[in-house]
Undergrad: 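Mind having a look at this structure? Questions to follow.
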Protein chains: 2
Amino acid sequence: MRPPTIRDVAERAGVSKSLVSLVLRGSDQVRPEKRDAVLRAARELGYRPNAAARSLSEQRTRTVGVLLNDLRNPWFVDLLDGLNSLLHAGGLHMLLADARLNRRTGQDPADPLLDLRVDGLVVVGTLPDPAALGAVAERIPVVLAGAREPVPPGVDQVAGDDEQGARLVTEHLIGLGHRRIAHLAGYGAVGDLRRRSFEATMRTHGLADRAVVETGDMTEEGGYRATVRLLSRPDRPTAVFAVNDITCVGALSAAEELGLRVPHDVSVVGYDNTSVSRLRHLWLTTVDNAGHEVGRRAARFLLDRFERPGGEGRLHLAAPTLEIRGTTGPPPDTAAG
Amino acid sequence: MRPPTIRDVAERAGVSKSLVSLVLRGSDQVRPEKRDAVLRAARELGYRPNAAARSLSEQRTRTVGVLLNDLRNPWFVDLLDGLNSLLHAGGLHMLLADARLNRRTGQDPADPLLDLRVDGLVVVGTLPDPAALGAVAERIPVVLAGAREPVPPGVDQVAGDDEQGARLVTEHLIGLGHRRIAHLAGYGAVGDLRRRSFEATMRTHGLADRAVVETGDMTEEGGYRATVRLLSRPDRPTAVFAVNDITCVGALSAAEELGLRVPHDVSVVGYDNTSVSRLRHLWLTTVDNAGHEVGRRAARFLLDRFERPGGEGRLHLAAPTLEIRGTTGPPPDTAAG
DNA sequence: GCCCCTCTTTGGACCGTTCCAGAACCTGTC
DNA sequence: GACAGGTTCTGGAACGGTCCAAAGAGGGGC
């Protein structure tokens, strides 16, 4: 009652196991009648190739590991989708591991993936342990997707272009007539890029002295508190650009509680185009990070490296787009200038 | 430069490969000095066991497949967390596959998992193809988690107790003084259970004739439209119980647009305790499905079946809890009675 | 010194594939 | 009808582990 093997198929088709192997791998050096006999026998027996045996023999698993930072992060789903579409076309499987789920065990979250001998690794989001990753990158291709961090040599990197995204937002607000604009900044490489680009864009438009930056913790609560502070100032800003959607939701709450209407009295903008931003109840103007393209590009980098291993680590930045929804509009007349 | 094998370790430690195997599997039939030598050699060489080779030999992979319906569904993360905690303790790995991602390829979404010869399968959410699942269940343990559906024989089932959850909500509203209560129903087994339990509870409290049911499509837009209809009725309900959080958000939008304050003029309740419900901006009263316990119980069922295969399919219902937040309160005085 | 018994250690078969060298079978040519 | 050259097929050796029967080592009793 054990699952049929290649030998069972061979016996049933009256050929050698080697021929069965040839047929199943699509060789054209096989006479059609034998090919048909083999395929029929395989179908009749319900044969499925044993991936473990194949991996052992081929010395590769046709599987790439995807190390996620936290399944709760919503923005990575599009990324996975893009990643999967290309990998699947290349005959590769995705093996997902959540670093957060395994964190409590203390071991390196990539270990299980490496034990399974994945052919490549995609790290989505912030790196777990850069040093460990460097060692991994010496053996198999590694791509960092959706984050901007210093990476070990030979590691490719794909992410949304945060500087461009922040510029799109800032210019959108300036274009609407806003002058005094606040930024709810975050932390980490991504937070820094968005903040710097905001500042640079304000400077370019001669508004350096009208820019305000409040640093938060990238949570709703942080966004709420920072916004309360901002909007209680005598020279309160007419627009708030939050480092991410969740912070922006906090900003929205704050504005509402202070009796300000959005976007009539104050405009707010988020970042990431998460499902939350699309709730009609919130309907945040935000930036779409082109997650799908980030995923596709990560897959492309990986497939490249399977064909030609080695070489410098590359960086690709996907162009984000502005999603203008209901939380941005012209500034109130009284605050103009 | 190939990764070291058990034989390399053996040579370095001056023992046979069999002894290395014994040591690495934790046998106590080994003299301590040899054990130390082996462990040292393994460490020095950076030896990692080859999962493919082990699987091939052991005839099992120590891996369970987790078939997700859609990674975008947020409620499954707790479930995975619970699942993982127990599986990990049992030395098992989780292999995630997203049915939606693979749907376009037309093949059964479980196929890649079966090719990899997973030892068990957890299907999270709605079944892809019940017939195919039956065939799978004859070979390996299968558990359906987080959904209520007719399953093939021998398949275990774990889910939140939707009847109890709906009862909690309905009695909460009745307890607050509401009498005319509407339910925004969904579809599928879960939608039916919640609706029926709502109706039954209303009946128990002698309010059968005050219950209103509107059927929606479990989307925000559907919740919005159904609520506009409901609240425009002359005898408009003072409370709305939505089949899930996202529908509830739609209901909230509708109430707001009609100029009704929540919970002052109308109470609304969701279901699933998603992250959206916890946004302070929305702060929905909702039902927590005990996802973590569902996951743990699914793992327990699986581990049971590894030890004692066969037997009837079992059903476990995890007790949900009511999360009372900001969208429920007593009905307005005018509408009382 | 020999036998028996227990505790350690070992060689080799096996798991289900792939891959390679070479066998077997054609077909056509001289 | 032998031979060359191509096409088609096959046996056996990997791949890196596990597991088992049996060998070796050491100790105790007679």
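It should be emphasised that the depicted structure is a prediction, and the values quoted were computed from it without experimental measurement. Labels below follow one simple rule: chain letters A, B, ... track the order of the sequence lines, proteins then strands, and each chain is numbered from 1.
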Undergrad: Which comes earlier along DNA chain D counting from the 5' end, the contact point of A:Lys17 or that of A:Gln29, where each point is its nearest nucleotide?
TA: A:Gln29
Undergrad: Assess whether a salt bridge exists between A:Arg297 and A:Asp156, defined as any Lys/Arg side-chain N lying under 4.0 Å from an Asp/Glu carboxylate O.
TA: no
Undergrad: Output the rounded distance in Å from CD (A:Glu33) to C1' (C:dC26).
TA: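 One finds 13 Å between C1' of C:dC26 and CD of A:Glu33, rounded.
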Undergrad: Is there a donor-acceptor contact under 3.5 Å from the side chain of B:Arg314 to the main chain of B:Gln157?
TA: no
Undergrad: In whole Å, what is the span from the CG atom of B:Asp28 to the P atom of C:dC7?
TA: 11 Å
Undergrad: For A:Ser16 and for B:Pro4, locate the closest nucleotide of DNA chain D by heavy-atom distance; then report the residue assigned to the nucleotide nearer the 5' terminus.
TA: A:Ser16
Undergrad: B:Arg31 side chain N/O closer than 4.0 Å to the phosphate oxygens (OP1, OP2) of C:dT9?
TA: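 For C:dT9, OP1 or OP2 has a side-chain N or O of B:Arg31 closer than 4.0 Å.
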Undergrad: CG of A:Leu116 versus P of D:dG16: gap in Å, rounded?
TA: 16 Å
Undergrad: What's the CG-C1' distance between B:Asp8 and D:dG16, to the nearest Å?
TA: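 The distance from CG of B:Asp8 to C1' of D:dG16 comes to 10 Å, rounded to the nearest Å.
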Undergrad: Is A:Ser21 near enough to C:dT18 that one of its side-chain N or O atoms lies under 4.0 angstrom from OP1 or OP2?
TA: yes
Undergrad: Nearest whole angstrom, please: distance from the P of C:dT10 to the CD of B:Glu11.
TA: 13 Å
Undergrad: For the backbone of B:Thr126 and the side chain of B:Asn69, can you confirm whether one donor and one acceptor N or O come within less than 3.5 Å of each other?
TA: yes
Undergrad: Which residues within residues 51-61 of chain A lie with some heavy atom under 4.0 Å of an atom in DNA chain D?
TA: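 Result for residues 51-61 of chain A: A:Leu56, A:Ser57, A:Gln59, sorted by number.
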Undergrad: Taking 4.0 Å as the cut-off, does a side-chain nitrogen or oxygen of A:Arg2 come that near to OP1 or OP2 on C:dG16?
TA: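 It does, given that an N or O in the side chain of A:Arg2 lies less than 4.0 Å from OP1 or OP2 of C:dG16.
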Undergrad: Measure from CZ on B:Arg48 to P on D:dG17 and round the result to the nearest Å.
TA: 12 Å
Undergrad: Return the value, rounded to whole Å, for the distance between atom CG of B:Asn50 and atom P of C:dG16.
TA: 16 Å
Undergrad: Using a 3.5 Å distance criterion without hydrogens, assess whether the side chain of B:Asp119 forms a donor-acceptor pair with backbone atoms of B:Arg62.
TA: yes
Undergrad: Could you give the CG-to-C1' distance, from B:Leu19 to C:dT8, as a whole number of Å?
TA: 8 Å
Undergrad: Closest-nucleotide mapping onto DNA chain C: is B:Ser18 or A:Pro49 further toward the 5' terminus? I mean the 5' end.
TA: B:Ser18
Undergrad: Do B:Arg60 side-chain atoms and B:Ser55 backbone N/O form a donor-acceptor pair below 3.5 Å?
TA: no
Undergrad: Could you point out which residue of B:Val66, B:Leu116, B:Thr61 forms a side chain to side chain contact (heavy atoms under 4.5 Å, CB included) with B:Leu95?
TA: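 The side chain to side chain contact (heavy atoms under 4.5 Å, CB included) with B:Leu95 is passed solely by B:Leu116 among B:Val66, B:Leu116, B:Thr61.
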Undergrad: Can you identify which nucleotide, out of C:dT18, C:dG16, D:dG17, has its nearest atom closest to the A:Arg25 side chain?
TA: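 The answer is C:dT18, which lies nearest to the side chain.
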Undergrad: Would the base of C:dT8 count as contacting B:Arg35 through its side chain, where contact means a donor and an acceptor less than 3.5 Å apart?
TA: no
Undergrad: Would you say that more than 12 heavy atoms from the other residues, nucleotides or ligands in this model lie under 6.0 Å from the CD of B:Glu149, or not?
TA: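 Atom CD in B:Glu149 is packed in, count exceeds 12.
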